[in-house]
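Okay, so here's the structure we're looking at.
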Amino acid sequence: MALPPELGRQDRLEPTEGEKTVNLDQRIQSAKDNWKAEQEGDDVRVYVGSATCGLAAGARGILNQLPGILADLNIEAQIVPVGCIGMCFAEPLVDIQEPGKPRVSYRNVSSEVLPSILEGQLKNGGPPKEWVFGTLGEGHYGELGRLEEMAVLAPQRRIALRNCGWIDPTLLDHYLARDGYVGLQRALGMKPEEVIQEVVDSGLRGRGGGGFPTGLKWSFCRKAKGDQKYLICNADEGDPGAFMDRSVLEGDPHAVLEGMAIAAYAIGASVAYIYIRAEYPLAVQRLLHAMDQMREIGVLGKDLLGSGFDLEIKIKQGAGAFVCGEETALIASIEGQRGMPRPRPPFPANQGLFGKPSNVNNVETLGNVASILREGSKWYSGFGTTESPGTKTFALTGKVNNPGLIEVPMGITLREVVYGVGGGVLDGRPFKAAQTGGPSGGCLPEQFLDMPIEYASLAKAGSIMGSGGLVIMDDLTCTVDIARYFLTFTQNESCGKCTPCRVGTKEMLTILERICDGKGQEGDIELLEELGDSIKKASLCGLGQTAPNPTLTTIKYFREEYEAHIRDHTCPGQTCKALLPVDSEATLVHTGLIRMTADRCDACGKCVEACAVAHSESKDPELAMNEDPLPRPRVRLQPVRGVTVPTSCRHCEAAACVLVCPTGAMAKTGQGGPVLCDDDVCIGCSACVIACPYGVPEAYLEGEKITKCDLCIDRLDKGGIPACVEACPTTCLEWVKR
Amino acid sequence: MAEVTLTIDGQSVKADEGMTILEAANAVGIHIPTLCWDPDLVPYGGCRLCIVQVEGLRGLPPSCTTQVADGMVVITENEEILTTRRLVVRLQLADHPVDCLNCRGNLDCGLQKLSRGLGIYGHGLPPTGREGTQDDSNAVFVRDMSKCVLCARCVRTCHEIVGVGAIELVGRGLGTEPAPFLAKDIRSSSCESCGECVVHCPTGALTFVNPHPVPATEANTVCPFCGTGCGITLGARNGKVVSARGNRDSPVNKGVLCVKGRFGSFEYVNHEDRLTTPMIRKAGELVEASWDEALELVATKLKAVKPSEFGAFTSAKVANEDNYLLQKFTRAVMKTNNIDHCARL
Ligand SMILES: Cc1cc2nc3c(=O)[nH]c(=O)nc-3n(C[C@H](O)[C@H](O)[C@H](O)COP(=O)(O)O)c2cc1C
Ligand code: SF4
Ligand code: SF4
Ligand code: SF4
Ligand code: SF4
Ligand code: FES
Ligand code: FES
């Protein structure tokens, strides 16, 4: 596709400067030609979803074995590793595309079935139906259903995620072929104020949680006086269970970088920062690689595309504190100080990084900007509603059949998301509530299923849009317990600066804990409301100002559940252990616990060693040492207040790790049973690592899998006891039957 | 500086641009309670006691960090503000040991003043039971973090005034506390024991091991320890010097003292070994003498030496003016350049 004339800018340039632009145009054209040739050529192409989630689900093995399998079958094909398409529940996803036909997508593919799939589609006259998920792209492939028409994709509109899963994120040409950097080219031909107006007209609002109109924010920074201005891309993404920003950065890094270049030009910033959590190594690698490619075509460095505008981008890795996502704390962190918010005003637009005018935007916000500049504000505001134009990505998790990453137009109803895209509530159970906005958001009951998802209506219901966490709960979820879980998170993450948040959330948590423990008192609900109300008003930053939301909304919509805990000593969601009828333990799988008595620990390390051996291939202490990978212990000796004690999983009843796990890999095996992680289902997203209050789950194999204590389930099956307990010489660890 | 006019509690108030609401209110005698605010430090906005309402601003902004603007309308007290302030203090009390009578901070405590001022008797919340680090490793002050209200005045003092940065806030959530940076106790940190943090701590969390008694009279003088010449205020009781504190009006130190000035500046005054008259050695014995006798002796001896036989050595503990005079004396009177100083490196 040639550039529409009004978008080209050759005519507006001096000839010498024009040269570079022509080069970019030529480069885009040749990228498109190559893309077209690839699409229409005679090559068979095999796409493998290779973002962190896909790799973790097994895509790495598939990528390794694919060349061999193809050679064995004597098939010539091109292998294309692509980003996350969002359907985490179906990973590993492998698509096969024959020349001139749409991609045929296969779900949950393993290396074992891959040869039969390839042979079936390419040799034996047709895709083997038992593994087919659907087709992707224009046109039909026989009778096969088109994913775009199925409930899971049909309601979705992809702008921020438009390239994720379609292009190889490491290839600049793929990005260019899909009109990459056309938006920047157009922006550089406009006055900065015109660029800002375009974004104002699009109605884009911040996707990082606050929802502040993006164009307006840019104009503040543009107008602020200062010799140096900064643009900051907020890629901290600390909400437990959220991974939208990571997927965009891994699957389409150039989209964010192009958005940054446009924003920097608009506000007049010659230096930009990307503040990204250190837990996202692949995203960092992709960004660095993409930045090198940008220099090649002159869209980074000095004199971008001959416009006279200079831009440098720096990457700053954060240590993963939730509060560092708050813009003023983030700025402090980049400056090398403790990540603590400071009161606004002064706003960063006037006094931000190093005291200079700065503009902070979320990854997804910036991910939309290039498309707005390329297609125009009218096009963008055609999606969504008048109040909230555009689309929004969500990390859909919880008790839903199709968890994963979705992008839907604003104004879609919760029902369409849960029952359409999400494929309904798991096991066909009744829907109870949806939590939007993570620990800052609210819990919305059934009556809101038909409410449109947009900023105003969510706020009216007592919740927030947030950055895109969306947890679905069924009738077997206890809302008091949910409130307790989120407050545990916010209390742990409070920076400690202001009293209402530091002490207030602890007070609320203590009260919620005693309610869950069956020790709630009359007046507790009112006290929670009083505390919550004041904490919201008096806290310094958004963390404290929103921390009471999950509690206040669950009280508002599920007050009778709180009352049942306090007055009747029952838990309607059948979750709070202390309130369950005793005989429900009759169905327990393994009813035992490891008891640890801290002052008996000699720190001898025998438990650690025994655990590693018990989880080795050989189960032999000598041989285990030479195994590759080395067997990993699930128990650690940790210094706690001056003494060293063994710590391993508590196998919590309402485990935080289970709640946030997007795939259901982490699961509680029955009431009182152990919390186990199913390796085959785990996609390594590390949500549990972040969520567990005790730091139990650990990522290994470069973050592809999780290890944690499994209570030695195989030994228990054989009537044994956990290896650590058996090895402990001092009875610090004991096995207690329940 | 430009002047702005704003309304505080219905009263029209003039203030300089760049002032905070708190400063503007204080200037006209309107009292706003504070805990983390300290006139010597950059505003912090952490304790949330100084919250007010400002027309057009969301929520309850802290007056200690919010700057005045022309036409601003501020309310410093109403039912909503008071309830919220009370809740903040109640939270502090729920997070505080009930031990006032045994506390060195008793009757000089910011938390006590606040709860009395806001009329709080009993907080009605579950106690947090936070234990807080106890650190008595330092010879001159004790750190009892269970009493810390997290105002960060100590941390800010050590960074902003002292420039040492021995302490920093560490941890998250309720476990956050000021702690020696990268060290296990304050003694093994880079702390210089100046005690400035103790002076700025509003509660009994930081207290001196030997608190000075309350003096009956006070007098301004200059610290005798080094040439800096810090202004110091000594207090006396029963004819003896019993206390020392920095003199805020001194342009040299603006009230700040170092470890020597704060803890060592007066104890020798009443010490039995202290020389109170000149001494002259007579027949191998040091004997007390009058000033006239001593000066006469020195003058006689100096007159007897040639310039090349004379040398003077002076000290950094002496004031600049005295050092200047001695070198003038050496060069102009003794006619030699044989003058040196202990700090000539
Ligand atoms: C506790 C807290 C955590 C936050 N975490 C993030 C985050 O991880 N990513 C993000 O983009 N914004 C986060 N925000 C919002 C930012 O402060 C800021 O509003 C946002 O980055 C602005 O970008 P936007 O206007 O594009 O949304 C957080 C805010 C708070 C109060
Ligand atoms: S609200 Fe919480 S996270 Fe925010 S400044 Fe206060 S203590 Fe820190
Ligand atoms: S610091 Fe103040 S409130 Fe706390 S115990 Fe001491 S005197 Fe009482
Ligand atoms: S005594 Fe002085 S140096 Fe030591 S921590 Fe306090 S302010 Fe810092
Ligand atoms: S020790 Fe004192 S000065 Fe330091 S934060 Fe605690 S209460 Fe404030
Ligand atoms: S499941 Fe045991 S601590 Fe998370
Ligand atoms: S005095 Fe203003 S917030 Fe503490």
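Residue numbering restarts at 1 for every chain, and letters A, B, ... go by the order of the sequence lines.
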Problem set entry | Note, A:V323 side chain near B:R172 side chain (heavy atom, < 4.5 Å) | yes

Exercise. Which region of B:V149, side chain (C-beta onward) or backbone (N, CA, C, O), has a non-hydrogen atom less than 4.5 Å from a non-hydrogen atom of chain A, or is it both or neither?
Worked result: backbone

Exercise. Is chain B contacted by the side chain of A:S539, its backbone, both, or neither, given a heavy-atom distance below 4.5 Å?
Worked result: backbone

For this session: Grab the two heavy atoms, one from A:R338 and one from B:L169, that are nearest each other, plus how far apart they are.
Result: NH1-O, 3.1 Å

For this session: For B:G45 and A:P343, work out which heavy atoms get closest and say how close.
Result: CA-CG, 4.1 Å

Exercise. What's the verdict on side-chain hydrogen bond (donor to acceptor under 3.5 Å, both in side chains) for B:T128 and A:E507, showing C-alpha distance, side-chain angles and the deciding distance?
Worked result: CA-CA 7 Å; B:T128 64; A:E507 289 291 324; 5.3 Å; no

For this session: Tell me, out of B:G59, B:A94, B:C36, B:G171, who's got the most heavy-atom pairs with chain A below 4.5 Å.
Result: B:G171

Exercise. Quick one: what part of B:R130 sits under 4.5 Å from any heavy atom of chain A, side chain, backbone, both or neither?
Worked result: neither

Problem set entry | Non-hydrogen atoms of B:V88 and A:A538 that approach each other most closely | CG2-CB, 4.5 Å

Exercise. Is the shortest heavy-atom distance from the side chain of A:I511 to the side chain of B:P126 under 4.5 Å?
Worked result: yes

Problem set entry | Greatest number of heavy atom pairs closer than 4.5 Å to chain B - which of A:P346, A:P345, A:C495 | A:C495

Problem set entry | Option that, when pairs with chain B are counted at under 4.5 Å, heavy atom only, ranks first among A:I535, A:D533, A:L540 | A:L540

Exercise. How many angstroms lie between atom CG of B:D95 and atom OG1 of A:T499, to the nearest 0.5 angstrom?
Worked result: 9.0 Å

For this session: Mind checking the OG-CZ spacing from A:S534 to B:R90? Nearest 0.5 Å is all I need.
Result: 8.0 Å

For this session: Tell me, yes or no, whether the heavy-atom count around B:D136 atom CG, taken from other residues, nucleotides or ligands under 6.0 Å, exceeds 12.
Result: no

Problem set entry | Salt bridge A:R502-B:E177, side-chain N to carboxylate O under 4.0 Å | no

Exercise. With a 4.5 Å limit on heavy-atom distance, are the side chains of B:L150 and A:K497 in contact?
Worked result: no

For this session: Kindly say whether B:L174 contributes a backbone atom to a donor-acceptor pair with the side chain of A:Q491 at under 3.5 angstrom?
Result: yes

Exercise. Does any non-hydrogen side-chain atom of A:M340 lie less than 4.5 Å from one of B:Y44?
Worked result: yes

Exercise. Which region of A:K506, side chain (C-beta onward) or backbone (N, CA, C, O), has a non-hydrogen atom less than 4.5 Å from a non-hydrogen atom of chain B, or is it both or neither?
Worked result: side chain

For this session: Identify the heavy atoms of B:T176 and A:S494 that sit nearest to each other, and give their distance.
Result: OG1-O, 4.4 Å

For this session: Heavy atoms only, distances under 4.5 angstrom: which of A:C501, A:P341, A:P500 has the most pairs with chain B? Name it, please.
Result: A:P500

For this session: Return yes when atom CG of B:D108 has more than 12 non-hydrogen atoms of other residues, nucleotides or ligands closer than 6.0 Å, and no otherwise.
Result: no

Exercise. Between atom CG of B:L87 and atom NZ of A:K537, what is the distance when rounded to the nearest 0.5 Å?
Worked result: 10.0 Å

For this session: Hey, could you give me the CD/CD distance between B:E168 and A:Q337, rounded to the nearest 0.5 Å?
Result: 8.5 Å

Exercise. Heavy atoms, side chains only, cut-off 4.5 Å: are B:L125 and A:L527 in contact?
Worked result: yes

